[in-house]
Undergrad: 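Submitted below is the structure of interest, expressed as structure tokens.
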Amino acid sequence: MFPDTCRFHIAPYIQDFVEWLNFICGPTFNAFSDSLRIMLINLEHLLLAIPWWLWIIVVTLLAWRMTRHPWKTITPGILIFTIGLFGLWEIAIETLAIVIISVILSLIVGVPSGIAMAVSDRVETVFTPVLDAMQTMPSFVYLIPAMMFFELGKVPAVVATFIYAVPPVQRLTNLGIRQVSTSIQEAAVAFGATSWQLMREVRIPLALPSILAGINQTTMMALSMVVICSMVGAGGLGEEVIIALNRIDVGRGFEAGWAIVVLAIIIDRLSQGVAQKWHIKSN
Amino acid sequence: MQNDSEYLVEVKNIWKTFGNSKKIIPRKLIRTNINARDRKIVAVNDVSFQVKRGEVYVIMGLSGSGKSTLIRCLLRLIEPDSGTALIEGKDVTAMDKRQLTEFRRTRVAMVFQHYGLLPHRSVLENVAFGLKLRGVERKEREQKAAEVIEKVGLKQWEKHYPSELSGGMQQRVGIARALVQDADLLLLDEPFSGLDPLIRREMQDELLRLQHEFQKTMIFVTHDLNEALRLGSHMAVMKNGAFIQEGRPHDIVMNPVDDYVKQFVQIARGVVKDSPDKKGKIRSLPRRASGQDEPIIVGFGR
């Protein structure tokens with residue numbers, strides 16, 4: 001047994017700190033929370049304003065442009081249709097809005113900090129353990145302070161999703177830039193590229209396939225957070241899953257799970273298609 | 001500003017060592033290396049030379065002899081530890097960051113063994129890249145690039161990407177990219193080493209033709225004596241980071257200063273057979289040469 005006299009808890013201090021932070025920065029958090037909520041609501045209205053058949057047509061056309069393959073073109077449309085068929089259309093749109101906002105936030109933060117990591121070894125050493133922690137810390141743990149700061153609802157869900165989804169794009173941006181061939185970089189420097197020109201003309205364009213892979217991964221991570229986020233009342237497909245879980249309603253759970261998988265597959269294929277298109281062009 | 005000296009390039013006492021310390025190693029220390037605490041490899045060992053305007057100066061040596069490091073020191077792609085490199089009368093080693101960028105953009109252009117082309121840019125954009133860095137307008141730079149591309153015989157390939165081109169064609173792009181800079185000095189780091197013998201010969205002829213047309217001063221690094229003899233108006237043989245013989249190619253072939261140079265000459269003539277006193281055995285040259293070619297290691301900090 002570990003001796004009882006050697007016991008020390010940091011839990012109360014963390015609790016105090018978060019409460020103090022909440023007290024001090026309350027107005028800031030509220031302002032942030034409000035603007036995020038307005039964005040979410042507007043986006044949701046916008047997505048809902050698009051009729052369901054237009055969604056199917058647009059996705060089918062995109063699939064056709066990317067694959068030029070009959071089966072691969074029809075399948076996404078059929079999959080989307082099943083979401084509506086199960087009566088989950090509005091709920092799925094709700095989830096999609098959360099995912100889109102979280103991914104945009106992740107990219108705004110993740111890509112520049114990934115570039116900073118690639119430029120400076122020191123920044124990389126600082127960020128690497130932070131990213132490790134963000135990825136391995138159970139997401140419920142940071143759902144608690146997120147909930148305290150931003151109350152119940154969609155906003156803490158977006159914040160928690162953001163924390164969970166940032167690491168892949170940040171890591172892959174860093175990795176992609178660091179892996180750019182040194183001989184190409186050397187040639188650019190020999191012709192008088194400044195470090196800014198080198199970054200803009202050579203390093204970022206050549207790292208783009210890796211960055212796009214990171215964006216794809218980030219989106220997938222964000223989608224996988226939807227069930228957990230419904231714990232704080234984010235609504236969406238996750239809520240359906242949790243209700244089904246509470247009622248031991250296997251069928252309902254499967255339908256909601258199916259809708260999540262469909263969203264994931266379609267977003268994944270479409271974003272990979274974009275990445276591949278770009279790759280072919282550059283090679 | 002114009003420098004009237006007949007020499008375009010004057011390099012004096014360039015040193016470059018690789019190792020765990022950035023301290024400058026004085027010459028004395030290299031000679032008497034007992035007290036040196038760091039293990040260092042001398043890549044460029046007190047090299048001085050001069051290049052006249054309009055001449056092709058060839059630096060020859062086996063891999064590991066420091067020739068690529070030396071040529072990079074002239075552009076400060078690798079920082080030399082000490083020494084000066086005057087190009088058009090200006091000391092490259094004393095330039096600050098902005099001057100150096102300006103110098104690289106306008107005064108000198110380089111061709112690389114591994115081409116160093118941008119895979120996501122078309123041939124035209126690759127050739128225009130240096131001008132773009134300089135801030136030349138798109139229309140003007142593309143027009144200039146197109147002219148040079150035509151000169152290197154790639155007119156119909158302008159819109160293609162480097163990966164669609166053969167090695168020889170890619171190096172033509174590399175040469176065009178250097179020529180379009182309109183710099184007085186061209187540095188070529190084993191530009192044809194990756195090409196097969198026929199293409200290599202063709203490219204050498206092409207380079208001679210272009211040199212005739214543009215009257216550039218070139219510093220050409222190679223490990224191939226035949227290439228050196230074809231192109232060079234002046235040459236130096238490098239070994240272990242130092243110049244061991246320098247002069248006109250003809251003189252070097254006639255009077256090799258030591259066995260190392262002699263071997264180069266023999267293999268260039270296709271004579272690999274050794275003197276009869278070694279029982280007529282055919283000695284493989286690379287093995288023997290590589291034994292001699294080990295870098296000098298200074299200081300033993302154990």
Side-chain angles (χ1 to χ4, degrees), chain A residues 66 111 114-116 118-122 125 169 172-216 271-283, chain B residues 68 71-72 74-78 95 97-122 125-136 160-164 170-171 173-174 177-181 183 185-191 194:
Chain A
M66 278 161 192
V111 173
I115 294 172
V119 172
S120 150
D121 286 342
R122 196 170 295 169
T125 7
V169 72
L172 283 167
T173 301
N174 172 35
L175 190 71
I177 292 174
R178 281 177 182 268
Q179 280 179 340
V180 170
S181 136
T182 46
S183 60
I184 295 176
Q185 293 190 53
E186 185 184 42
V189 171
F191 281 91
T194 58
S195 43
W196 163 246
Q197 284 175 321
L198 185 66
M199 187 55 84
R200 211 190 52 176
E201 302 284 340
V202 181
R203 299 181 80 182
I204 290 178
L206 290 182
L208 213 52
S210 174
I211 296 174
L212 288 174
I215 293 174
N216 175 281
S271 57
Q272 272 187 14
V274 173
Q276 251 167 31
K277 265 260 152 40
W278 197 90
H279 212 67
I280 288 163
K281 199 189 125 201
S282 73
N283 283 326
Chain B
S68 289
I71 202 171
R72 276 168 176 73
L74 301 183
L75 256 181
R76 282 172 61 192
L77 290 174
I78 293 174
M95 286 178 179
K97 224 175 160 183
R98 267 184 62 188
Q99 288 171 317
L100 185 63
T101 301
E102 189 58 30
F103 165 77
R104 285 170 178 166
R105 284 182 183 174
T106 53
R107 296 275 156 244
V108 65
M110 189 155 172
V111 180
F112 295 86
Q113 183 183 359
H114 299 295
Y115 323 132
L117 303 176
L118 299 172
H120 61 295
R121 294 285 165 80
S122 68
E125 287 167 324
N126 261 295
V127 174
F129 183 66
L131 297 175
K132 185 180 183 182
L133 294 178
R134 251 189 238 177
V136 177
H160 289 256
Y161 288 89
S163 56
E164 298 165 327
Q170 288 189 40
Q171 195 54 292
V173 178
R177 180 176 64 176
L179 285 176
V180 80
Q181 293 293 91
L185 178 64
L186 289 189
L187 305 177
L188 301 101
D189 181 23
E190 301 202 33

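Throughout, protein chains are lettered first and strands after them, A, B, ... in sequence-line order, and every chain is numbered starting at 1.
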Undergrad: Hey, which of B:Gln181, B:Arg105, B:Arg104 is the one that makes side chain to side chain contact (heavy atoms under 4.5 Å, CB included) with A:Phe191?
TA: B:Gln181

Undergrad: Just how far is it from atom CG of B:Leu77 to atom CD of A:Gln185, taken to the nearest 0.5 Å?
TA: 12.0 Å

Undergrad: Checking B:His114 side chain against A:Ile184 main chain: does a donor-acceptor pair fall under 3.5 Å?
TA: no

Undergrad: Do you know which two heavy atoms are closest between A:Ala190 and B:Leu75, and how far apart they sit?
TA: CB-CD1, 3.8 Å

Undergrad: I'd like to know which of B:Glu102, B:Arg134, B:Met110, B:Arg177 tops the heavy-atom pair count under 4.5 Å against chain A.
TA: B:Arg177

Undergrad: For the residue pair B:Gly116 and A:Ala187, what are the closest heavy atoms and their distance?
TA: O-CB, 3.5 Å

Undergrad: Between A:Gln197 and chain B, which part of the residue has a heavy atom less than 4.5 Å away: side chain, backbone, both or neither?
TA: side chain

Undergrad: Can you name the nearest heavy-atom pair linking A:Leu206 to B:Pro119, along with the distance?
TA: CD2-CG, 3.3 Å

Undergrad: About how many Å separate CZ of B:Arg98 and OG1 of A:Thr194, when rounded to the nearest 0.5 Å?
TA: 11.5 Å

Undergrad: Which bit of A:Glu201 is near chain B, if near means a heavy-atom gap under 4.5 Å: side chain, backbone, both or neither?
TA: both

Undergrad: Given that the side chain runs from C-beta out, which part of B:Leu100 has a heavy atom under 4.5 Å from chain A: side chain, backbone, both or neither?
TA: neither

